[in-house]
Protein chains: 4
Amino acid sequence: MIRSDAARNRAKVLAAAETVLGEQGLTARMDEIARRAGVGVGTVYRHFATKEALYAAIVSARVDLLLDEAARLRVAAEPQTGFFRFFAQVVADAARKKTLTDALHSAGIDVKAEQAGQRAQMREALADLLRDAQRVGAVRPDVDLPEILALLRGASMAAETGDYASPVIDRTLAVLFDGLRPHALHAPPPSA
Amino acid sequence: MIRSDAARNRAKVLAAAETVLGEQGLTARMDEIARRAGVGVGTVYRHFATKEALYAAIVSARVDLLLDEAARLRVAAEPQTGFFRFFAQVVADAARKKTLTDALHSAGIDVKAEQAGQRAQMREALADLLRDAQRVGAVRPDVDLPEILALLRGASMAAETGDYASPVIDRTLAVLFDGLRPHALHAPPPSA
Amino acid sequence: MIRSDAARNRAKVLAAAETVLGEQGLTARMDEIARRAGVGVGTVYRHFATKEALYAAIVSARVDLLLDEAARLRVAAEPQTGFFRFFAQVVADAARKKTLTDALHSAGIDVKAEQAGQRAQMREALADLLRDAQRVGAVRPDVDLPEILALLRGASMAAETGDYASPVIDRTLAVLFDGLRPHALHAPPPSA
Amino acid sequence: MIRSDAARNRAKVLAAAETVLGEQGLTARMDEIARRAGVGVGTVYRHFATKEALYAAIVSARVDLLLDEAARLRVAAEPQTGFFRFFAQVVADAARKKTLTDALHSAGIDVKAEQAGQRAQMREALADLLRDAQRVGAVRPDVDLPEILALLRGASMAAETGDYASPVIDRTLAVLFDGLRPHALHAPPPSA
DNA sequence: TATGAATGAGTCTTCATTCAT
DNA sequence: TATGAATGAAGACTCATTCAT
């Protein structure tokens, strides 16, 4: 077996792991992942030194995809919509993949160097899209990155762990986005 | 400490479990919980037949507290504020206790009868507060319970698993609440 | 509570233990025995220092009863029938009580002093009955105590652990007893 | 020792378990069995999912051997002796292996499908040998399978749990066999 | 390089026994 | 003296990881 076979195996394992983790959560066994990938456990370990590394790789791959998407949107989309489309994208991805992004965190798995880098990149990408949107008045000027991150994490986690129908997610995001838009009167409701 | 202190022991175990689970997540060991409670493992098992049952009891107790709070607010608070105050309360509780409410779900722990009942009660309490708030125009009329639940879950999970400073949580909720309030310029404006 | 109450409790525990052991075997729990006796575990331990001691007491009581019966038969019954009636009695008792006499042995429970004494008494009683029967020609003269003990143990254990209908036990004993009776031709069967 | 030696490991475990169970009874620990087999506990569990399954496998293997022997005797031995030789064989095996056949039963371990099948085969094999022996007049015609089974079980259990010298077992079986042979003076003589 | 059998530390859970009330 | 809550050692079983083939 030559290099390309090895790469193919790596991909199979990654895909199987993503599926199995989505189904069974963090407790999924390495044997099961190997079985689904159609390889032996040994092969899983050849590509990912530990279970934790396998998880990290999955998350990392996903984040890379999202970062690409963010870069693409910044160029291709209007500043008014880029931010919102990216936000929705992340949530949709969470709902689809159910990769337990934060379960990793809650399970006490340490964020390693690479992840820290990605985390920073993600913040930056989001900050860029947010700044663009605020510049053109699509997002109220008084919100800052921390709130955005909290909202994005919350929405993603809910989508990931819940079992919401697509329209519910849409309506939920609609509310969220409305909260982010600028309008005349905030704190005190109209008729109060 | 015997006989009449059995109840005290149960409480000690419950408290220790809440703490330990908050710190170490679902993987916390029963021995550790026992040690922190200052009792033997056997005592933990005398009160909670199973690790799962212990988790369930923690969640159950917390939900009961929240349900009480909901009932109290419905009577004591203005319809304009009751809903929002309850929402904030739940999130604050999640941030403080970190009891992994949803981690239970993601770990595949089945929701038992009692929990199903509580779940229904929680929906009802929230529906009541929401209806009150919508009646007096404090919440836009076009949002429904499913979205509310999704937003509440998302916000709670973020607060639970994240490490946000109090002001960040406040600002995040402010955005969320703004999204829930009625104002002139919503996606499809009323008169359009 | 005065002495007689204590005695009553001891009897209740003994009876309950006999029942529970018959139903659940050696693995029966002390709590269950206490529950059936209508007392607390502590009371069981007041009368029997260990689980083993409780077992020993049950066996001991039974053996005492059998020894009484042996003595009675030696006086009241004909020498021809005394031995056989006693043998049948022991087996019937085993079938009825299912007290796991030998399971104790197989579980590695040591035979203590008292038991050793009873064992000796049982051997002696059986030897007496056997001698009487052999003297009057009811039992073939070439069998000795060891074989008798082996046969008795085997028959008792089968009765104890099996689920034989009464007629099966009768027919089984009939065969056994025929083997013990003297007749003209032994080893080589008639038509051989 | 891998891959092709997996079968060898299974055999080692089986052998060790037979020994250890013979020595320590049902309470023997899985760790001890593993240690004696020279493998890790995990290996024991790889081959036998459960302690119970391990017991079942031991018993099953032994019964298979006995069934082979029964088949062999039916062909190779005279009808007069086949039945008796098989009976003696079973008892000797019990005395040698001390595998606690019936202790399993008394421990409340359920007889599974496979075992039920073997049980039926054993009955059949015994019935065949008995019928042969009765046809040629080597066994009295008025005994039936249930009695035979009870006698065989009793003798095996006594041999298994007791500590009888070989001559005692021989003399015990001699008595038993005499009881099974036809002779003039049985309880109700034919012509009475 | 791939395989999967082997390993054994780690964990939940049970239950005989103790002891404060 | 009776009670039953508390104890914690013991044991069955799991599963991430290793390594001989």
Side-chain angles (χ1 to χ4, degrees), chain A residues 1-3 5-6 9 27-35 38-54, chain B residues 1-10 13 27-35 37-54, chain C residues 1-3 5-6 9 27-35 38-54, chain D residues 1-10 13 27-35 37-54:
Chain A
M1 302 207 180
I2 29 180
R3 232 189 337 261
D5 274 331
N9 270 347
T27 58
R29 297 171 34 183
M30 292 299 264
D31 303 36
E32 173 65 6
I33 291 171
R35 204 180 57 69
V39 303
V41 235
T43 301
V44 175
Y45 276 91
R46 167 162 301 277
H47 294 290
F48 306 96
T50 67
K51 200 184 187 184
E52 184 181 332
L54 175 55
Chain B
M1 64 192 80
I2 298 217
R3 203 65 48 99
S4 74
D5 285 350
R8 194 159 11 259
N9 268 346
R10 206 193 115 99
V13 169
T27 58
R29 296 176 26 190
M30 292 299 263
D31 302 34
E32 172 65 5
I33 291 172
R35 206 180 56 68
V39 302
V41 234
T43 301
V44 176
Y45 278 94
R46 164 168 288 275
H47 293 292
F48 305 97
T50 250
K51 201 184 187 185
E52 183 180 332
L54 175 56
Chain C
M1 304 208 176
I2 30 180
R3 228 186 343 258
D5 274 331
N9 270 345
T27 58
R29 299 173 29 183
M30 292 298 264
D31 302 37
E32 173 66 5
I33 291 171
R35 206 181 56 69
V39 301
V41 236
T43 302
V44 175
Y45 276 91
R46 168 161 301 277
H47 294 291
F48 306 96
T50 65
K51 199 183 187 185
E52 185 181 332
L54 174 56
Chain D
M1 64 190 83
I2 298 218
R3 201 68 46 98
S4 75
D5 285 351
R8 197 165 1 267
N9 267 346
R10 205 192 117 99
V13 169
T27 58
R29 297 175 28 189
M30 292 299 264
D31 302 31
E32 173 65 7
I33 291 172
R35 207 182 54 69
V39 303
V41 233
T43 301
V44 175
Y45 279 95
R46 164 168 287 275
H47 292 290
F48 306 96
T50 251
K51 200 183 189 186
E52 183 180 332
L54 175 55

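Predicted, not measured: the structure shown is a model, and the values here were computed from it. Just the heavy atoms: all of them, side chains too, but no hydrogens, waters or symmetry mates, feed the values below. Proteins get letters first, then strands, A, B, ... in listed order; numbering begins at 1 in each.
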To the nearest angstrom, the CD-P distance between C/Glu52 and E/dC15 comes to 18 Å
With nearest nucleotide decided by heavy atoms, which residue, A/Val44 or D/Arg10, maps closer to the 5′ end of DNA chain E? A/Val44
Nucleotides 8-11 of chain E: which of its N/O atoms have a protein N/O under 3.5 Å away?
residue : atom : partner : partner atom : Å
E/dG8   : N7   : D/Gly42 : N            : 3.2
E/dT11  : OP2  : B/Arg29 : NE           : 3.4
E/dT11  : OP2  : B/Arg29 : NH1          : 3.0

Short side-chain N/O contact from A/Asn9 to OP1 or OP2 of E/dT1, under 4.0 Å: no
Separation of E/dC19 atom P from C/Arg46 atom CZ, nearest Å, is 13 Å
Does D/Thr50 reach the main-chain N or O of D/Ala53 with its side chain, forming a donor-acceptor pair under 3.5 Å? no
Whole Å only: how far is the NE2 atom of D/His47 from the C1' atom of E/dG4? 12 Å
C/Leu54 CG - E/dC15 C1' separation (whole Å): 15 Å
Rounded off to whole Å, could you give me the CD1-to-P distance for the A/Ile33 and F/dC15 pair? 12 Å
Establish, with yes or no, whether the OP1 or OP2 oxygen of E/dT13 is under 4.0 angstrom from a side-chain nitrogen or oxygen of B/Thr50. yes
Whole-Å distance between F/dA2 P and C/Phe48 CZ? 12 Å
How long is the straight-line distance from CG of A/Leu54 back to CE of A/Met30, given to the nearest 0.5 Å? 5.0 Å
Go ahead and write out DNA chain F as dot-bracket, 5' to 3': ( ) for pairs within the strand, [ ] for ones crossing earlier pairs, | when the partner sits on another strand, dots for unpaired; Watson-Crick or G-U wobble, both distances under 3.5 Å. .||||||||||||||||||||
Closest to side chain of B/Tyr45, choosing from F/dT18, F/dC13, E/dT14: E/dT14
Please give, in whole Å, the distance from F/dC19 P to D/Asp5 CG? 18 Å
Does C/Arg29 pair with C/Glu32 as a salt bridge, N-O distance under 4.0 Å? no
